[in-house]
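Just below is one structure, and these are the notes that go with it.
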Amino acid sequence: SITSLACNVKSSSSLSFCTDCCWRASFFLPSFLLLTCSLAFFSFFPSDEGEIGYYTRRGGVGEDFVTSPEISQIFGELIGIWYISEWMAMGKQNAFQLVELGPGTGTLTDDILRVFNQLASLLSKCDVSIHLVEVSPKLSAIQAEMLTGGKVQSNPENKSAYMKGISKTGIPIYWYRDIQDVPQGYSFYLAHEFLDALPIHKFQRTEKGWHEVLVDLDPEVPDQLRFVLSPSRTPATENFIQPEETRDHVEVCPEAGVLIQRLACRIEKDGGAALIADYGHDGTKTDTFRGFRNHKLHDVLKAPGTADLTADVDFSYLRKMAEGRTATLGPIKQREFLKNMGIDLRLQVLLQNSRDSATHEQLLHSFDMLMNPKKMGDCFHFFALLPHHRVVHPTKKDNPQSKSPLPPVAGFSELSLT
Ligand code: SAH
């Protein structure tokens, strides 16, 4: 419930601090409970132990929520095939980086690497390296164990990476805290359930124009937080609302916008592609901010700093952020993407390969979780950034008959590995 136009907003200057920088948050820590703050700033609320940021401390995957790669190996395998299919369609370059943002437990990368290994004959002349962007020390240790058996080197020389190792299949893996640290070059990017974890701003349209939804101490109830509306426009209302916005309530994730701009710049300059998968909508939903703790919905204002705070990804906003630099495809529903990638066939193969009824049951159950429209099938979406030339021939506009058709992009159309 939002207290309309609350007049007890103590410091509108706090809004200028609502960014992604932990050092800024720590600087203002003593004032945390004295300031009214944006949701983006609130996402860095310290735990009782004083650590800032849910992901730098807890990690969450498996503890508070479960993700598709944790549910079924097929998910990661089909994504691995997507990258190979795009690498082939774009001319089989002799090297590529696979860059994963927020790799969780490392399961998704592990499944992708298994596919790369199974299709080693295709990739034999290609120099593949893995680059993981991860802020959680706890999760990077879990990833290192999963992918390398724990044999990693910290702070390798001459590298912007904070850790380095070699996968069980012999592929070099590097860890970074920020996408900016990942070397430039021909790369395929992956962000699965990453963007939804980034901090958002929330806005509401009123008769007097746009106001930001802020978090404040409830003066009536001790130790209770509440939502309030900013009494006037804030720097965020000035900067983050699109002029053509028609909704009355919007959530904007500027950090996701900056990230998409960075990926689009890299793809425009060096080539490659980005595959983004998350729960989200195409600019239609309004109020999706929520918390998860121990696999249950959790009141975002209760025990701050201890729950996974998340909001649906607005793909229409991402599309705008990539505009001009790359082409975009999607969002397409997860069940359609996985069907196009051949999930039915892969399930049949796995069922045939196993005689054990418990495994059969588990395979069918996890297939249902991923594909059922009422489970993950309809709410999760896939979205891709691709160089313009991958989708439209440069000369096509002038002379539509000039070249053979471009191969369709798998997932968004049916897979054909030719
Ligand atoms: N992609 C994984 C896990 C998703 S959970 C899966 O599908 O299973 C979100 C992941 O992003 C976690 O690994 C978390 O530690 C990481 N993360 C969250 N915020 C981050 C940030 N700002 N920079 C880098 N990694 C981040």
Side-chain angles (χ1 to χ4, degrees), residues 18-25 40-41 43-45 51-80 98-113 130-147 160-163 173-182 189-200 253-260 262-263 274-280 291-293 295 305 307-311 313 334 338 366 369-370 376 380-382:
C18 50
T19 71
D20 50 351
C21 305
C22 287
W23 68 265
R24 294 194 196 188
F41 187 59
S43 303
F44 289 104
F45 206 100
E51 283 179 289
I52 296 162
Y54 168 84
Y55 277 104
T56 44
R57 174 177 70 254
R58 190 163 160 95
V61 195
E63 282 174 31
D64 294 324
F65 57 94
V66 67
T67 62
S68 295
E70 306 293 329
I71 290 170
S72 168
Q73 68 176 82
I74 305 181
F75 186 83
E77 290 170 351
L78 297 180
I79 288 186
L98 176 67
V99 183
E100 188 182 357
L101 299 148
T105 59
T107 307
L108 183 50
T109 312
D110 200 44
D111 291 337
I112 293 173
L113 283 175
I130 304 290
H131 303 261
L132 305 177
V133 180
E134 177 58 77
V135 284
S136 161
K138 185 173 162 186
L139 285 176
S140 56
I142 293 173
Q143 293 151 17
E145 188 59 41
M146 158 89 70
L147 299 168
S160 49
Y162 66 82
M163 197 160 75
I173 309 185
Y174 302 92
W175 278 262
Y176 313 82
R177 287 194 185 84
D178 195 288
I179 182 74
Q180 305 263 65
D181 299 333
V182 178
Y189 300 91
L190 172 60
H192 178 250
E193 285 219 40
F194 176 72
L195 297 183
D196 71 278
L198 301 179
I200 59 153
C253 180
E255 221 182 297
V258 169
L259 178 77
I260 292 300
R262 289 199 171 124
L263 296 185
L275 189 61
I276 289 148
D278 227 307
Y279 43 89
F292 283 98
R293 194 170 172 196
H295 301 273
D308 169 41
L309 301 182
T310 174
V313 171
Q334 170 158 303
L338 296 178
S366 53
M369 281 293 288
L370 296 185
M376 297 168 107
F380 278 80
H381 292 82
F382 280 74

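Numbering of ligands and ligand atoms starts at 1, following listing order. Residue numbers count from 1 along this sequence.
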Closest contact, heavy atoms only, Val135 versus Arg177: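 Here Val135 and Arg177 meet closest at CG1-O, 3.8 Å.
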
State the atoms of ligand 1, each with its element, that fall below the 4.0 Å cut-off from a heavy-atom position in [X].
X	result
Leu139	12 (C), 13 (O), 15 (O)
Val133	24 (C), 25 (N)
Pro69	6 (C), 7 (O), 8 (O)
Glu100	1 (N)
Gly104	2 (C), 3 (C), 13 (O)
Pro103	2 (C), 13 (O)

Distance-only, no hydrogens or angles: does the [X] side chain make a donor-acceptor pair with backbone N or O of [Y] under 3.5 Å?
X	Y	answer
Gln334	Leu370	yes
Asp278	Phe194	yes
His381	Gly280	yes
Ser366	Ser72	no

Step-by-step side-chain hydrogen bond (donor to acceptor under 3.5 Å, both in side chains) determination, Glu134 to Ser140: CA-CA 6 Å; Glu134 177 58 77; Ser140 56; over 6 Å; no

When only distance counts, is [X] in polar contact with ligand 1, meaning an N/O pair under 3.5 Å?
X	answer
Thr67	yes
His192	yes
Glu134	yes

Selected option - heavy-atom contact closest to atom 2 (C) of ligand 1, from Pro199, Ala197, Gly102, Ser136: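 Among Pro199, Ala197, Gly102, Ser136, the closest heavy atom to atom 2 (C) of ligand 1 belongs to Gly102.
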
Contact check, side chains of Met376 and Tyr279, non-hydrogen atoms, under 4.5 Å: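 Side-chain contact under 4.5 Å: no.
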
